[in-house]
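Data block below; observations after.
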Amino acid sequence: MLQQTRVEAVIPYYRRFLERFPDAHALAAAPEPDVLTAWSGLGYYSRARNLRRAARQIAAEGFPASFDAVLSLSGVGPYTAAAIASIALNLAHAAVDGNVIRVISRLTNDASEIMQSATRQRFAEEAERLLDRARPGDFNQAMMELGATVCLPRVPLCGECPVASLCAARAEGRERMLPVKLKKNSTRDVPLELVLLEQDEAVFLVQRDAGDRRLAGFWELPERALFGGLRGAVVAEFSHQIVNDRFRIEVRKARTPKQLPEGRWFAAGERLRVPMTTITRKALDAVSAAGS
């Protein structure tokens, strides 16, 4: 859940998720729509699908006992495998995330561009060299925590750093210049007009088809383009960013036309039990807050 998502946002989802799926077998047995519903709002829904697939592997084969076995689980890459192997299994593998890369870049005063594969490989090798092989889980967590709370991106707290005396970048006054990372692609504004149709307190939603790799099966408010020249008053406006796309969203409330696209009506209670896109949840909340 913490991948690409802030800790504060994750905590309530994490607690609710574990209440609903307390162990791997419960998650493995759950229908995918139930898992996606519990995840709705966190985004990056392939994480939820992969988590369920991994739980099904564990239910069928048992818990992994080696790094390679952890790596074979659905959705698990080298960083996650190293974190699990070291923390849960006490196996000596360095976990290298963005925080660890920043720490190593500064410790070694390495100004190489960190998105280059050669740079990341070199930093991974340095992390392996530094790793405390007697306590790999503690070491990995300490490195990640150091980067997350002390060796901060813009203003590192060098006065509080337990390894400041070992930091080559600090010694040369270059700690704020590192790590070197090329600028991200500029954000693109994307207009999006959604239509709110209501009938006896139910809302009309359409479903993403199976061809949508990220949001297949999710329900959402229909786009205005599905209705041709449909008119309606704007009852809510907001923005929502996904990677480099900033969606500028208008929600228009309209009378129900004679011809509807394929979809169905959902009462308020039903909407809580199906996976809905984050934009649709935000749209309905915005309309409710506006009193429409």
Side-chain angles (χ1 to χ4, degrees), residues 1 4-6 8-13 16-17 31-49 184-292:
M1 286 184 174
Q4 304 292 331
T5 310
R6 295 176 296 107
E8 313 87 78
V10 161
I11 289 173
Y13 282 92
R16 289 195 298 267
F17 199 88
E32 183 177 280
D34 288 2
V35 177
L36 293 175
T37 299
W39 200 277
S40 288
L42 283 174
Y44 299 95
Y45 294 100
S46 62
R47 299 179 297 175
R49 292 187 174 98
K184 296 180 180 179
N185 295 330
S186 58
T187 299
R188 179 183 64 161
D189 280 335
V190 181
L192 180 62
E193 291 183 291
L194 302 178
V195 175
L196 175 66
L197 303 176
E198 293 181 309
Q199 183 173 284
D200 297 328
E201 298 186 358
V203 171
F204 185 78
L205 302 177
V206 296
Q207 189 174 35
R208 291 283 184 103
D209 62 37
D212 189 315
R213 187 170 58 85
R214 292 187 306 108
L215 295 171
F218 274 70
W219 293 89
E220 61 187 354
L221 289 173
E223 293 187 35
R224 190 184 182 194
L226 291 175
F227 301 94
L230 183 75
R231 298 181 180 276
V234 175
V235 291
E237 294 179 276
F238 63 97
S239 63
H240 179 75
Q241 187 151 340
I242 301 176
V243 192
N244 292 322
D245 289 338
R246 184 191 295 113
F247 290 90
R248 302 292 190 182
I249 299 151
E250 286 186 350
V251 184
R252 292 180 176 271
K253 189 172 183 179
R255 292 182 178 179
T256 303
K258 294 180 180 179
Q259 289 291 113
L260 288 173
E262 186 175 349
R264 56 166 290 203
W265 296 93
F266 285 88
E270 288 183 287
R271 296 197 294 271
L272 299 175
R273 298 192 293 272
V274 298
M276 281 199 307
T277 63
T278 301
I279 285 178
T280 292
R281 289 187 183 278
K282 290 177 73 171
L284 293 176
D285 287 345
V287 171
S288 178
S292 299

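Computed from heavy atoms alone, side chains included, the values below leave out hydrogens, waters and symmetry copies. Position 1 is the first residue of the sequence; numbering continues from there.
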[atom2] on [Y] to [atom1] on [X], rounded to 0.5 Å:
{"X": "L215", "Y": "Q207", "atom1": "CG", "atom2": "CD", "answer": "11.5 Å"}
{"X": "L194", "Y": "R252", "atom1": "CG", "atom2": "CZ", "answer": "11.0 Å"}
{"X": "L221", "Y": "M276", "atom1": "CG", "atom2": "CE", "answer": "8.0 Å"}
{"X": "T277", "Y": "K282", "atom1": "OG1", "atom2": "NZ", "answer": "11.0 Å"}
{"X": "L192", "Y": "D245", "atom1": "CG", "atom2": "CG", "answer": "11.0 Å"}
{"X": "L197", "Y": "K253", "atom1": "CG", "atom2": "NZ", "answer": "10.5 Å"}

Can you give me the closest heavy-atom contact between [X] and [Y], atom names plus distance?
{"X": "I279", "Y": "F238", "answer": "O-CZ, 3.6 Å"}
{"X": "V195", "Y": "R224", "answer": "CG2-CA, 3.5 Å"}
{"X": "Y13", "Y": "A38", "answer": "CD2-O, 3.8 Å"}
{"X": "G43", "Y": "T278", "answer": "N-OG1, 4.4 Å"}
{"X": "A286", "Y": "A236", "answer": "CB-CB, 3.8 Å"}
{"X": "V206", "Y": "P261", "answer": "CG1-CG, 4.2 Å"}

Please indicate whether [X] has more than 12 foreign heavy atoms, meaning atoms of other residues, nucleotides or ligands, lying under 6.0 Å from its [atom1].
{"X": "Q241", "atom1": "CD", "answer": "yes"}
{"X": "E223", "atom1": "CD", "answer": "no"}
{"X": "E8", "atom1": "CD", "answer": "yes"}

Under the ring-ring contact (aromatic ring centres under 6.0 Å, His included) rule, what pairs show up with a residue in residues 190-230, not counting sequence neighbours? Y45-F218, F204-W265, W219-F266
Without swapping roles, check the side chain of R47 against the backbone of M1 for a donor-acceptor pair under 3.5 Å. yes
Keeping the roles fixed (side chain from E237, backbone from E250), state whether a donor-acceptor pair exists under 3.5 Å. no
Any non-hydrogen side-chain atom of V251 less than 4.5 Å from a side-chain atom of L284? no
Partners passing salt bridge (charged side-chain N to carboxylate O under 4.0 Å, His left out) against E262 (at least two apart in sequence or in another chain): none
Partner residues of D189 under the salt bridge (charged side-chain N to carboxylate O under 4.0 Å, His left out) criterion, sequence neighbours left out: R246, R248
When you look at L36 and R49, which way does the side-chain contact (heavy atoms from CB on, under 4.5 Å) test go after all the steps? CA-CA 8 Å; L36 293 175; R49 292 187 174 98; 3.7 Å; yes
With no hydrogens and no angle check, do the side chains of R271 and T280 hold a donor and an acceptor under 3.5 Å apart? no
